[in-house]
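Let me begin by presenting the structure, written as structure tokens, before commenting on it.
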Amino acid sequence: MSVIGRGTWIDKLARELLEREEQLGRSLDMIRVESGLGASGIPHIGSLGDAVRAYGVKLALQDAGYKSELIAYSDDLDGLRKIPEGMPDSLKEHLAKPVSLIPDPYGCHDSYGMHMSSMLLDGLDRVGVKYEFRRAADTYKKGLLSEQIHTILQNSAKIGSKIAEMVGQSKYETSLPYFVVCENCERLYTTQSLEYIPDERKVRYSCKDAVIGDSQIPGCGHEGEADIARSLGKLAWKVEFAARWAAFDVRFEAYGKDIMDSVKVNDWVADEILRYAHPHHVKYEMFLDKGGKKISKSLGNVITAQKWLEFGTPESILLLLYKRITGARELGFDDIPGLMNEYNELEDVYFGRTKVENPAKLTKSRGLYEYVNLLEPPSVPGIHVNYMLAVELARIFKEDRVTRVVKKLTEYGVIKESDDVENLVSLAGRYSDEFDRQETVHIEIDDAAKKALRELAGKLAGSPGDIQNIIYDTAKSNGVPPRDFFRILYQIILGTTRGPKIGPFISDIGAQKTADAIMRHV
RNA sequence: GGGUCUAUAGCGCAGCCAGGUAGCGCACCGGACUCUUAAUCCGGCUGUCGAGGGUCCGAAUCCCUCUAGACCCGCCA
């Protein structure tokens, strides 16, 4: 079989998409791909993944000679359903309101929704993904979906029974798939859409008490009519994607398996109600935390791009997201070291420093490397330092860290003096501070060892000489087994029971300083 | 009730989506270096690829059935 594009799943997906579009006979002048951004909780790496992968498809399409753009669409008319972990309780009064109408609790954006969306966009910016930003609030305000809304509401009975048939949800058999934002109290999930008046293009609604999750949300009792092109309101998810695809001419959208049912229904609505052939899809699994639990936007176990980038490079995120799309993934920050090293291995393959026999695998690895670099791979390889080695060194050197770790790496022959690895050392340093906390060990020192330590401290304070031998001799002459004596020294100096060869190490950190540290323990 | 994913060495995992000699890390064993703890380096062992069937010259990989576990949907968005 011949190689498609650059040999990755992304190229294969783009090929499928193009073949389907050709069959449909649609214009290929501009192929839009879309990613929906949740705006009601802290955006985690899975949300970022949706957009990053869509961007990958955009790149593949461009690579195949087509014009393409990524629409990043913020669902900021969605209502706030519960207060995310760690957010102020004052949000309670805003429950059930669209997140774009809730003030930003941090005060830095024009709304709660924009605060959340901006976090995700910041993540995209920092890994180098380009996008066209759109938001639900503007889309509905401008009436961009009004034709689709009109068609959907006219067919609501047919859609309602189809939803019940396809996914077993009976709700839309009796109510319209449209939520009005109450013009009196600004709440969205408290309104019931009673009737659609096609001639006026208005939805008649009333605002009543509602239960969302654990919370009882009071309605204000208001009754009114909402103009689908002007008033604030939105379609239910079961039909909203379809309207958006048709209005924006979207040809591709990935989705997580949690919204599989919604996508199934929306595909049908697009095809049969709106007469717009639904976009091509790919389904991906959720990222789970290390216990196998779903990472929840509103729970605490969230891995954000911002946090990840404190410890890893943008490339480590892109590698995570591009290496494969299938399969459930348990994800934690402890995956960073592996991904950092894997990127280097990939780079070695790309530049031919590592031989790969299987030509298919070579193509695939090279392709993956290119996508991780957003199809603009560097012309020369970077400097490779094993990430965990950098973390280990960073753990030892806390003061004046970058300089000392770099010096050590140079001594080890890992890097040349002129190499710039400061960024890597900083990343590794933060990783070591955050995750590599050493257990505080209780140090047991008997009298013989204490005597030996005092003697050693005195010798170190004088002329150091061959420290390794001095330590060994001091232990022996005081009747302390060298093994125990070394262990005590590691505990005093590093807080661990083992470490690098200790003589040269003491020279590094200073004999006098070590002597002082020893004296504090005897 | 509906759906998806996972199962590979003692442990943790990659390889599967484009079939071509079963891999990595840790652990373990041997060796080197060290009058010398630890580290380091070199070499080695470890497998009915969950079970059964099918396709194929050839299957961990593709197809079907089954078993076990996890997750999602069946509120809402």
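Remember, predicted model here, so these are calculated numbers, not experimental data. To find a chain, count down the sequence lines: A is the first, B the second, and so on, and within it residues start at 1.
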Measuring only the C1' atom in each nucleotide, how far is A60(B) from G74(B)? A whole number of Å is fine. 35 Å

Could you state the OH-C1' distance from Tyr255(A) to C72(B), rounded to the nearest angstrom? 12 Å

In this structure, how many angstroms lie between the P atom of G69(B) and the CD atom of Glu285(A), rounded? 18 Å

Does the plane of the ring in Trp245(A) sit parallel, tilted or perpendicular to the ring in Phe241(A)? Use 30° and 60° as the thresholds. tilted

Under 4.0 Å between a side-chain N/O of Arg81(A) and OP1 or OP2 of C75(B), yes or no? no

Atom CZ of Arg324(A) and atom P of C13(B): how far apart are they, to the nearest Å? 11 Å

Starting from the 5' end of RNA chain B, give me the residue, Ser170(A) or Met260(A), whose nearest nucleotide shows up first. Met260(A)

Under 3.5 Å, is there a donor-acceptor pair linking the side chains of Tyr387(A) and Asn344(A)? no

Considering only the P atoms, how many Å lie between C64(B) and U55(B), rounded to the nearest integer? 15 Å

By side-chain contact (heavy atoms from CB on, under 4.5 Å), which residues pair with Glu19(A), not counting sequence neighbours? Arg15(A)

Quote, to the nearest angstrom, the P distance that separates A22(B) from U48(B). 14 Å

With Ser231(A), which residues qualify under side-chain contact (heavy atoms from CB on, under 4.5 Å), at least two apart? Ala226(A), Asp227(A)

Any salt bridge linking Arg135(A) with Asp76(A)? Criterion: basic side-chain nitrogen under 4.0 Å from a carboxylate oxygen. yes

When we call it a touch if two heavy atoms are under 4.0 Å apart, what does Gly7(A) touch: a base, just sugar-phosphate, or nothing? base

Are Arg134(A) and Tyr73(A) in a cation-pi contact, defined as NZ or CZ under 6.0 Å from the six-membered ring centre and within 45° of the axis? no

In whole angstroms, how far is the P atom of C72(B) from the NZ atom of Lys264(A)? 18 Å

5′-ward residue of the pair Trp9(A)/Gly168(A) relative to RNA chain B: Trp9(A)

Rounded to whole angstrom, note down the C1' distance from C33(B) over to C41(B). 8 Å

Please determine if a side-chain N or O atom of Lys12(A) lies less than 4.0 Å away from the OP1 or OP2 oxygen of A18(B). yes

Specify the separation, in whole Å, of atom CG of Leu80(A) and atom P of C75(B). 22 Å

Where RNA chain B forms runs of at least three Watson-Crick or G-U pairs (i with j, i+1 with j-1, under 3.5 Å), the stems are B:1-7 with B:67-73, B:10-13 with B:23-26, B:28-32 with B:40-44, B:50-54 with B:62-66

Do the rings of Tyr431(A) and Phe311(A) sit parallel, tilted or perpendicular, given the 30° and 60° boundaries? perpendicular

Taking the P atom of each, how far is C26(B) from A68(B), in whole Å? 36 Å

Is the distance from OP1 or OP2 of C16(B) to the nearest side-chain N or O of Lys364(A) less than 4.0 Å? yes

Tell me if a side-chain donor or acceptor on Asp50(A) pairs with a main-chain N or O of Glu253(A) at a distance below 3.5 Å. no

Lys257(A) (side chain) and C5(B) (base): donor-acceptor pair under 3.5 Å: no

Could you tell me whether Phe241(A) contacts a base, only the sugar-phosphate backbone, or nothing, with contacts defined as non-hydrogen atoms closer than 4.0 Å? nothing

Atom C1', compared across G47(B) and G10(B): separation rounded to whole Å: 12 Å

Phe287(A) CZ - U6(B) C1' separation (whole Å): 16 Å

When you compare U4(B) with C45(B), how far apart are their C1' atoms, in angstrom units rounded to a whole number? 39 Å

Quickly work out the Met166(A) CE to G2(B) C1' distance and round it to whole Å. 13 Å

Taking only the P atom of each, what is the distance from G3(B) to C11(B) in whole angstrom? 33 Å

Between Arg244(A) and Asp75(A), is there a side-chain N and carboxylate O pair less than 4.0 Å apart? yes

Rounding to an integer number of Å, can you tell me how far Lys323(A) NZ sits from C16(B) P? 11 Å

